[in-house]
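Letters go in sequence order (proteins before strands), and every chain restarts at 1.
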2 protein chains.
Amino acid sequence: MDTGLPTTLDPEPRQGAQAIRRALFLLRVLAAGGESGLPLKEVVQATRLSRPTVHRIIHVLMEEGLVEHHERSGRYLIGTQVPELALARPSRSPLLAAADDILRETSQRVGDTLFLTVRTGNDTLCVDRRIGSYPIQVLSIAVGARRPLGVSSAGIAILAALPAQESRRIAATNEPRFAGYRTNRQTVLSEIADARRRGYGVREVGLVQGTKSISTWIKTAGGDPAAALTVSAVRTRLGPRREQEVVETLLKAAYEVEQKIR
Amino acid sequence: MDTGLPTTLDPEPRQGAQAIRRALFLLRVLAAGGESGLPLKEVVQATRLSRPTVHRIIHVLMEEGLVEHHERSGRYLIGTQVPELALARPSRSPLLAAADDILRETSQRVGDTLFLTVRTGNDTLCVDRRIGSYPIQVLSIAVGARRPLGVSSAGIAILAALPAQESRRIAATNEPRFAGYRTNRQTVLSEIADARRRGYGVREVGLVQGTKSISTWIKTAGGDPAAALTVSAVRTRLGPRREQEVVETLLKAAYEVEQKIR
DNA sequence: ATCCGGTGTCCATAATGTGGACAATAACCG
DNA sequence: CGGTTATTGTCCACATTATGGACACCGGAT
């Protein structure tokens, strides 16, 4: 049992900015709300901050234009300032560039929808999507979709590729947000363990009813997970037999991307 | 004399978030640094905060991934998290959509480079650019370019379209940043006055040597300036005679955009 | 060796941000 | 309708947090 002391390298200290960190965390939670946003209550829950604090911070962010308040629904959402700030970084990420061709090929070969998902803080973020040729496609997850690490197969894959200690930490941090996705810390941890054993992540019961997803991870030269590559399809299309085929294709594609980004 | 009570509508107070506001201001200053970023020193100057404060905030923003530190140059710049947050707002702004066709037509008619610039906080932000047919084009200003309101003709136009009180306030706020653009508050104020009289903004000595710019403003239904429409060209191409022609075209285009966004 | 401009760090102190408690508002219902 | 509940908004005494003056470091110029 340790007493809560300096762990390894850079245990991310640097204090004197509680408020700023909270505000940014709030922004990320709101980002998860996407275009439709979230009611205050949900932000409070996901955040574990007191309601007055959340309220105050959100309103400051509103005055600053980073958050907007939808009158009719009373929901809060990411404001226009954010994309404006983003214009300062016009260049495309190396990952997206590297993955472009490979995604195209792989999606053709597989026939089902392919997703490229990165980790951002304690969330997963879908950054690219390719639609396959098969007539039934899982389209419910859009580019920009963001969810807590652990609730999607991509999240499981990324957590599995992280050091055990960190994945546990993240699972604990995200715990309050799991409820909204009908899962919990126990399940997540065992899914991660399964994924480590198998070499890829699976979610039999996808976020969308009747779908199934398979994810492999892509690591950087340094060994950190850079992204996950996911195939989603209606469950019946991913029986044990085809699961093996798809996994092989995914692993190969992931490997190719890894080579390209080094 | 009142005792400090509800004034009019929203006098924008809401306190209890100094640190957050400072952090956001910092982000905007960094955004102005674009892809190459800024050294700490310049951020401190533009910001008028103490160096330790800037340092601390920037480093927290780094830990949070909103800011990056370029090793070689030591400069700080907007990090990858920002575009990631922006994905939560995939929809294109109504302004951009409305202006699209009009920009295309106008740019063909005029032949010189056309810019669409919005106000964001105390800055101008170039959100669209169309290159004309004339062989010499002013291309130095890219989409995403951001500068303090007041240093470009677009900024002058937008300030001219604001209530006098607010434009004065902004000119005062931005004063510390003017030095870097070889202008000052006096000049800016008189340029605004000229623009109000004439009905459009001009900068004889553009940010780029030997260029000249003319800007008209676009107002929302509420009367607030929504954007500026700018033509930039080598100075010799915008003599008094042609200035009149271009202004007429711009005013017409601005009017059409105004109609579309209501 | 010394200076110098810039960057990074420390810590006593005051001002800032916090959250419990209360108020307003809206929606639902017997 | 008055009553009940669920959610959002506001207030303010207080302690925690963020502040900035002072000091340390680092690399390059002289």
Side-chain angles (χ1 to χ4, degrees), chain A residues 6 9-27 29-30 33 36-64 66-77 79 176 179-180, chain B residues 3-27 29-30 33 36-64 66-77 176 179-180:
Chain A
L9 285 158
D10 245 315
E12 300 216 18
R14 197 155 243 112
Q15 42 153 276
Q18 189 194 70
I20 295 170
R21 274 191 221 280
R22 288 178 167 186
L24 298 179
F25 184 41
L26 258 172
L27 272 183
V29 169
L30 284 177
S36 55
L38 296 173
L40 190 68
K41 190 198 169 193
E42 284 184 32
V43 181
V44 171
Q45 278 167 356
T47 256
R48 290 203 165 164
L49 295 170
S50 74
R51 211 170 35 67
T53 297
V54 171
H55 183 266
R56 178 167 29 81
I57 294 178
I58 279 197
H59 274 83
V60 173
L61 292 174
M62 278 174 60
E63 282 176 16
E64 298 287 337
L66 300 211
V67 168
E68 280 168 25
H69 190 206
H70 193 239
E71 272 312 328
R72 299 199 80 70
S73 64
R75 286 160 162 255
Y76 294 94
L77 45 90
Chain B
T3 32
L5 315 156
T7 25
T8 33
L9 286 159
D10 248 317
E12 300 217 17
R14 195 157 244 108
Q15 41 152 278
Q18 190 195 70
I20 295 170
R21 274 191 220 279
R22 287 177 167 188
L24 298 178
F25 184 41
L26 245 158
L27 271 183
V29 169
L30 283 177
S36 55
L38 296 173
L40 190 68
K41 190 197 170 193
E42 285 184 31
V43 181
V44 171
Q45 279 168 354
T47 256
R48 289 204 165 161
L49 296 171
S50 73
R51 210 169 37 68
T53 298
V54 171
H55 183 265
R56 178 166 28 82
I57 294 178
I58 280 198
H59 274 81
V60 172
L61 292 174
M62 278 174 62
E63 282 176 17
E64 298 287 337
L66 299 213
V67 168
E68 279 166 27
H69 191 206
H70 193 240
E71 271 312 327
R72 299 199 79 71
S73 64
R75 286 159 162 256
Y76 295 94
L77 45 88

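Comparing A:Arg56 and B:His59, the nucleotide of DNA chain C nearest to each residue sits closer to the 5' end for B:His59. Residues A:Ile20 and A:His69 each lie close to DNA chain D; by heavy-atom proximity, the contact nearer the 5' end of the strand is made by A:His69.
As a whole-Å value, the separation of A:Arg51 CZ from C:dT18 C1' is 14 Å. Computed from coordinates, the B:Glu42 CD to C:dG5 C1' distance equals 14 Å when rounded to whole Å. When rounded to the nearest whole Å, the span between NE2 of B:His55 and P of D:dA18 equals 17 Å. Going from atom CD of A:Gln18 over to atom C1' of D:dT16 covers 8 Å, rounded to whole Å. As a whole-Å value, the separation of A:Leu26 CG from C:dG17 P is 15 Å. Between the C1' atom of D:dT8 and the CG atom of A:Leu49 lies a distance of 17 Å, rounded to the nearest Å. Rounded to a whole Å, the CE atom of B:Met62 is 10 Å from the P atom of C:dT9. To the nearest angstrom, P of C:dT18 lies 5 Å from CD1 of A:Ile57.
Separation of atoms CG (A:Leu26) and CG (A:Leu49) is listed at 6.5 Å; rounding is to 0.5 Å. For the atom pair CZ (B:Arg22) and CZ (B:Arg56), the distance works out to 8.5 Å, reported to the nearest 0.5 Å. From B:Leu30, atom CG reaches atom CZ of B:Phe25 across 10.5 Å, with rounding to the nearest 0.5 Å. For the atom pair A:Arg75 CZ and A:Leu40 CG, the distance stands at 12.0 Å (nearest 0.5 Å). A:Leu66 contributes atom CG, which lies 12.5 Å from atom CG of A:Leu77 (distance to the nearest 0.5 angstrom).
The side chain of A:Tyr76 contributes no N or O atom lying less than 4.0 Å from OP1 or OP2 of D:dT7. Phosphate contact (OP1/OP2 of C:dG19, side-chain N/O of A:Arg22, threshold under 4.0 Å): present.
Side-chain atoms of A:Ala19 lie closest to C:dT18 of the nucleotides C:dT7, C:dT18, C:dG8. When distances are taken from the side chain of B:Pro52 to each of C:dC10, D:dT19, D:dT10, the shortest belongs to C:dC10. Distance from the side chain of A:Thr53 is smallest for C:dT18 among the nucleotides C:dT18, D:dG9, D:dG20.
Note on A:Arg75: nothing from the nucleic acid sits closer than 4.0 angstrom, heavy atoms only.
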